[in-house]
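Right, one structure below, let's go through it.
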Number of protein chains: 2
Amino acid sequence: MTVLKKSEIKRNALVKATITLVNNNGFHATPMSKIAKMANVSPATIYLYFENKQDLVNKVYIGVKAAFTAYAFATYQDHMPVAQGFELIWKRIADFKLNEGEEALFLAQCDNTPVIDEDSRQAGIKHLKPLLDLWERGRQERIIKPLSDYLLYAYTINPLSFLMVMQDRGAFKIDKNTIEDAYQAAWDSIKH
Amino acid sequence: MTVLKKSEIKRNALVKATITLVNNNGFHATPMSKIAKMANVSPATIYLYFENKQDLVNKVYIGVKAAFTAYAFATYQDHMPVAQGFELIWKRIADFKLNEGEEALFLAQCDNTPVIDEDSRQAGIKHLKPLLDLWERGRQERIIKPLSDYLLYAYTINPLSFLMVMQDRGAFKIDKNTIEDAYQAAWDSIKH
DNA sequence: AAATTAAAAATGAACGTTCATTCTTTTTTT
DNA sequence: AAAAAAAGAATGAACGTTCATTTTTAATTT
């Protein structure tokens with residue numbers, strides 16, 4: 001187990017609190033005072049770790065996005081066959097969303113609203129490079145339809161976010177079968 | 001052309017301003033004073049038409065949702081064959097999103113964030129009934145995979161919202177071909 | 001090892017601003 | 001002229017941020 005400095009513990013608590021509160025109320029309905037309270041910290045302390053509120057969400061977003069993509073690509077290797085590589089990455093992403101529900105929800109919220117600075121958003125997109133490369137290979141090998149990255153994303157990765165949000169609202173429950181069905185639908189929509 | 005009472009003109013201006021400003025800045029970053037200014041109205045006047053800020057978004061949301069579903073189902077009849085009915089509805093929805101970009105974007109934003117009251121959200125969902133009925137018929141006739149409504153929605157309707165948001169950010173442009181490709185992907189993902 | 005000092009981290013109260021909403025006055029309509 | 005609609009100014013609460021201090025940690029000296 002990594003030993004954390006006290007300051008890192010505080011920073012982590014602030015990040016956690018931000019994620020939870022933004023998930024439940026949205027960014028602008030989450031005052032710094034509440035974040036501080038949930039992290040057991042004085043409001044002023046936040047400003048030792050972050051420049052201001054905007055800087056706080058930006059940094060939390062980038063951090064979560066990094067953790068997300070690290071998880072997604074952890075077991076992927078770029079010499080894998082396209083279909084196998086896609087299934088692997090897709091299911092890792094699904095795993096992340098299931099196991100790290102709060103983080104996934106936070107990303108979904110940030111990706112769909114004008115909360116994050118454009119710079120931070122761009123930084124987050126960069127991390128997807130391996131998947132975009134895989135898709136390019138898939139198109140060239142005629143395994144994947146000749147669709148733009150945006151369409152491929154819209155029909156494979158994005159639906160997971162939607163399902164997450166619905167689950168969070170208590171509308172329904174994602175289980176093993178749901179995941180398998182969703183994967184089939186995703187693959188069917190883009191396979192040649 | 002319908003003749004509008006002066007009061008209706010003001011109300012419409014307020015609705016329009018709300019949509020535009022919420023699209024660009026998000027709900028909580030949109031002050032009543034700005035909405036009033038954009039609608040050429042005093043802040044106080046808003047309160048003649050709406051109880052408060054929350055009531056304002058709720059009502060705008062419900063109104064836009066109603067217009068959206070009216071458009072989506074305008075030419076649909078429930079005796080149509082499943083595949084034909086689905087294509088019709090899907091393409092009407094795509095049309096709406098293209099022609100009424102601001103309204104569509106507003107819905108996407110409200111559907112993905114905790115801005116709208118749960119009651120208003122539920123009211124919005126009710127309007128989708130004809131589509132859910134069509135899907136049920138499709139499942140029974142083994143034309144559509146036996147997937148839950150949420151999965152069908154995630155893989156057919158929701159991707160359009162994602163593409164809209166991306167287009168709004170200037171990331172890419174939706175054209176006739178995109179729509180056709182998207183429809184094919186949607187159908188491929190759910191057809192038996 | 002204990003005592004002292006310096007540095008860093010953290011705090012709670014306070015400030016200035018912004019915002020939703022209300023109040024009073026003016027304008028428009030009937 | 002009375003009633004209704006609209007306006008602009010006013011209000012109080014909430015917020016992000018800063019500031020003056022205190023507390024904790026680390027370094028240095030005895």
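In what follows, every chain begins at residue 1, and chains take the letters A, B, ... in the order their sequences are listed. As the structure is a prediction and not an experimental result, all values here were calculated from the model.
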Let me know the distance between [atom1] of [X] and [atom2] of [N], rounded to the nearest Å.
{"X": "A/Y47", "N": "D/dC19", "atom1": "OH", "atom2": "C1'", "value": "13 Å"}
{"X": "B/N40", "N": "D/dA6", "atom1": "CG", "atom2": "C1'", "value": "13 Å"}
{"X": "A/E51", "N": "D/dG16", "atom1": "CD", "atom2": "C1'", "value": "14 Å"}
{"X": "B/I46", "N": "C/dT22", "atom1": "CD1", "atom2": "C1'", "value": "13 Å"}
{"X": "A/I9", "N": "D/dT25", "atom1": "CD1", "atom2": "P", "value": "11 Å"}
{"X": "B/N52", "N": "C/dC19", "atom1": "CG", "atom2": "P", "value": "17 Å"}
{"X": "A/L48", "N": "C/dA8", "atom1": "CG", "atom2": "C1'", "value": "9 Å"}
{"X": "A/H28", "N": "D/dC15", "atom1": "NE2", "atom2": "P", "value": "13 Å"}

Any side-chain N or O of B/K10 below 4.0 angstrom from OP1/OP2 of D/dA5?
no
All pairs passing side chain to side chain donor-acceptor pair (under 3.5 Å) where residues 171-181 of chain B contributes a residue, at least two apart
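Listed once each, the pairs are B/K91-B/E180, B/D175-B/T178.
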Under the side chain to side chain donor-acceptor pair (under 3.5 Å) rule, what pairs show up with a residue in residues 147-156 of chain B, not counting sequence neighbours?
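Sorted pair list: B/R139-B/D149.
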Expected output is a numbered-order residue list: members of residues 29-39 of chain B with a heavy atom under 4.0 Å from any atom of DNA chain D. What is it?
none
What residues form a salt bridge (charged side-chain N to carboxylate O under 4.0 Å, His left out) with [X], not counting sequence neighbours?
{"X": "A/D111", "answer": "A/K65"}
{"X": "A/K97", "answer": "none"}
{"X": "B/D95", "answer": "none"}

Main-chain N/O of B/P130 paired to B/D78 side chain as donor or acceptor, under 3.5 Å
no
Are the side chain of A/Q54 and the backbone of A/V115 linked by a donor-acceptor contact shorter than 3.5 Å?
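Checked: pair present.
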Can you sort out the partners of B/S33 under side chain to side chain contact (heavy atoms under 4.5 Å, CB included), two or more places apart, ordered by chain and number?
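With sequence neighbours excluded, B/S33 shows a side chain to side chain contact (heavy atoms under 4.5 Å, CB included) to B/P31, given in chain and number order.
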Would you mind listing every ring pair (Phe, Tyr, Trp, His ring centres under 6.0 Å) that reaches into residues 103-134 of chain A, with sequence neighbours excluded?
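As it turns out, there is no ring pair (Phe, Tyr, Trp, His ring centres under 6.0 Å) pair with a partner in residues 103-134 of chain A once direct neighbours are skipped.
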Listed in order of residue number, which residues of residues 53-63 of chain A have a non-hydrogen atom at under 4.0 Å from DNA chain C?
none
Going by the rule side chain to side chain donor-acceptor pair (under 3.5 Å), which residues pair with B/K59 if we only count those two or more places apart in sequence or in a different chain?
B/D55
Who pairs with B/F73 by ring pair (Phe, Tyr, Trp, His ring centres under 6.0 Å), at least two apart in sequence or on another chain?
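Checked B/F73 against ring pair (Phe, Tyr, Trp, His ring centres under 6.0 Å); zero matches.
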Pairs under 3.5 angstrom, nitrogen or oxygen only, protein versus nucleotides 8-13 of chain D, please.
from  : atom 1 : to    : atom 2 : distance (Å)
D/dG8 : N7     : B/S42 : OG     : 2.9

